[in-house]
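Only heavy atoms go into these numbers, but all of them, side chains included; no hydrogens, no water, no symmetry mates. First listed ligand is number 1; within each ligand, the first listed atom is number 1.
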Amino acid sequence: MDILSLYTAMKRIRMVEAAIADNYNNEIREMHTPIHLYDGQEAVAVGVCSNLIKEDFVFSNHRSHGHYLAKGGNLNKMMAELHNKKTGCCKGRGASMHLMDKNCGVALTSSIVAGNVSIGTGYALAEQMKNRNTVVVVFFGDGASEEGSVYESICFAQLKKLPIVFVCENNLYSIATPMDRREPNEDISSKFQTVLPIQKVNGNDVIDVYEASQTAVNAARKGEGPRLLECMTYRLRDHHNIGNGIDGRFRTEQELKNWENNCPIKKLKRKLILEDLVDEKQLEEEDKKIAQEIEAAFVYARESACPDADELFNGLWG
Ligand SMILES: Cc1ncc(C[n+]2csc(CCOP(=O)(O)OP(=O)(O)O)c2C)c(N)n1
Ligand SMILES: [Mg+2]
């Protein structure tokens, strides 16, 4: 495990989201797409995807940017997709909630809550039947865990010993509703514990997530069947758009502050510096490189062409 790479991968995602937020509501409204930013949850995507190889597949949800980047997605193509340009990873047709890229194994991101879970399970079955040695990872939220199809998919995956890791990112909210107003049993893991092996981890600690997912991914690859990781984390922004949700609607400023102090990036930075693994200057240099990469991605997206009107019906079935 290369701790500095884990740090840089998380910081890159955070800086990409900040740049998207800074430009999202600009005067010319270049990004015609709803956005669900990933700030605060970076340790989950990075910790899990750092255990995957290029040939493995990720099935993501509406909060997709972190998963796409952590799985090795191309930032230029992601940014072009958010700008609805034909150079985007889905030719500008999918935008933020529908990033697909076979070059990096992002099989699907879906706006239908929990939709990716059953599709990813079916994909794992296909991979198993073809005797491929690949692992499928499905990311879903605490809200999605309440869908019946998630329970059905997990039972089916265990029955068939599918090579799949289910990653529940429990950020405590479904849009603006906390768990205690949605469920009689707030402990997601306990609902699945009779079905498959589960590990509940600190989703704001990238090393914890990395280690737990290493065990799960290895087990899936060896044919030992699925695992579920419940990663306890927190969304630092509002459910969608660029705000921080402290307008009194669903959380207090104090709650947000507490979680900002528990930020996975801040925590790892403290550790890296305290243990003399890196100095501030080195980290600043890394940040500069990331900032340049992001700037170049915006230029790429802005300068790319829009899809041609006569291609409108290409790729449509049904
Ligand atoms: C089937 C379905 N039901 C409802 C919605 C509306 N919706 C979009 S995101 C969301 C909340 C999802 O919460 P969670 O799974 O915890 O993910 P988070 O947004 O917290 O990352 C809901 C209810 C939807 N897109 N699809
Ligand atoms: Mg949630």
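- More than 12 heavy atoms of other shown residues, nucleotides or ligands fall within 6.0 angstrom of atom OH in Tyr300.
- Atom OD1 is the N, O or S atom of Asp142 at the shortest distance from the Mg ion (ligand 2).
- When each atom of ligand 1 is checked for a heavy atom of Gly141 under 4.0 Å away, the hits are 14 (P), 15 (O), 16 (O), 17 (O).
- Across Glu147, Glu146, Met97, His62, heavy-atom proximity to atom 17 (O) of ligand 1 is greatest for His62.
- Under the 3.5 Å distance criterion, with hydrogens and angles disregarded, a donor-acceptor pair is assigned to the side chains of Asn185 and Ser190.
- Of the protein's non-hydrogen atoms, the one nearest atom 7 (N) of ligand 1 is Val113 CG2, 3.7 Å.
- With ligand atoms numbered from 1 in the order given, ligand 1 contributes 18 (P), 19 (O), 21 (O) to contacts under 4.0 Å with heavy atoms of Arg63.
- The single protein non-hydrogen atom nearest to atom 15 (O) of ligand 1 is Ala144 N, 2.9 Å, given as residue, atom name and distance.
- Side-chain contact check for Asp56 and Thr134: no donor-acceptor pair (N or O, by modelled atom type) lies under 3.5 Å.
- For atom 23 (C) of ligand 1, the nearest protein heavy atom (residue, atom name, distance) is Ile175 CD1, 3.8 Å.
- Crowding of Lys257 atom NZ: a count of heavy atoms from other residues, nucleotides or ligands under 6.0 Å not exceeding 12.
- Looking at atom 25 (N) of ligand 1, its nearest protein heavy atom turns out to be Ser111 O, 2.9 Å.
- Distances between N or O atoms of Asp142 and those of ligand 1 include at least one value under 3.5 Å.
- The shortest N/O to N/O separation between Gly143 and ligand 1 falls below 3.5 Å.
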### Task
Before giving the answer on salt bridge (charged side-chain N to carboxylate O under 4.0 Å, His left out), spell out for Glu183 and Lys191 the whole-Å C-alpha distance, their side-chain angles and the decisive distance to 0.1 Å.
CA-CA 11 Å; Glu183 287 291 318; Lys191 294 184 196 170; 2.9 Å; yes
### Task
Report the C-alpha distance between Lys11 and Asp287 in whole Å, list the side-chain angles of each, state the deciding distance to 0.1 Å, and finish with yes or no for side-chain contact (heavy atoms from CB on, under 4.5 Å).
CA-CA 8 Å; Lys11 190 68 193 281; Asp287 285 0; 2.7 Å; yes
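- The environment of NZ in Lys267 is crowded: more than 12 heavy-atom neighbours from other residues, nucleotides or ligands sit within 6.0 Å.
- Taken from CG in Leu272 to CD1 in Ile265, the straight-line distance is 11.5 Å, to the nearest 0.5 Å.
- Counting backbone and side-chain atoms alike, Asn170 contributes no N/O/S atom closer than 2.8 Å to the Mg ion (ligand 2).
- Residue Asn171 has at least one N or O atom closer than 3.5 Å to an N or O atom of ligand 1.
- Listed by number with element, the atoms of ligand 1 under 4.0 angstrom from any heavy atom of Tyr173 are 16 (O), 20 (O).
- His239 CE1, 3.4 Å is the protein heavy atom nearest to atom 9 (S) of ligand 1.
- A donor-acceptor contact under 3.5 angstrom links the side chains of Asp101 and Asn103, judged on distance only.
- For atom 13 (O) of ligand 1, the closest heavy atom belonging to the protein is Ser174 OG, 3.5 Å.
- Distance check, rounded to the nearest 0.5 Å: CZ of Phe57 to CG of Leu108 gives 12.0 Å.
- Residue contact annotation: Tyr173 places an N/O/S atom under 2.8 Å from the Mg ion (ligand 2).
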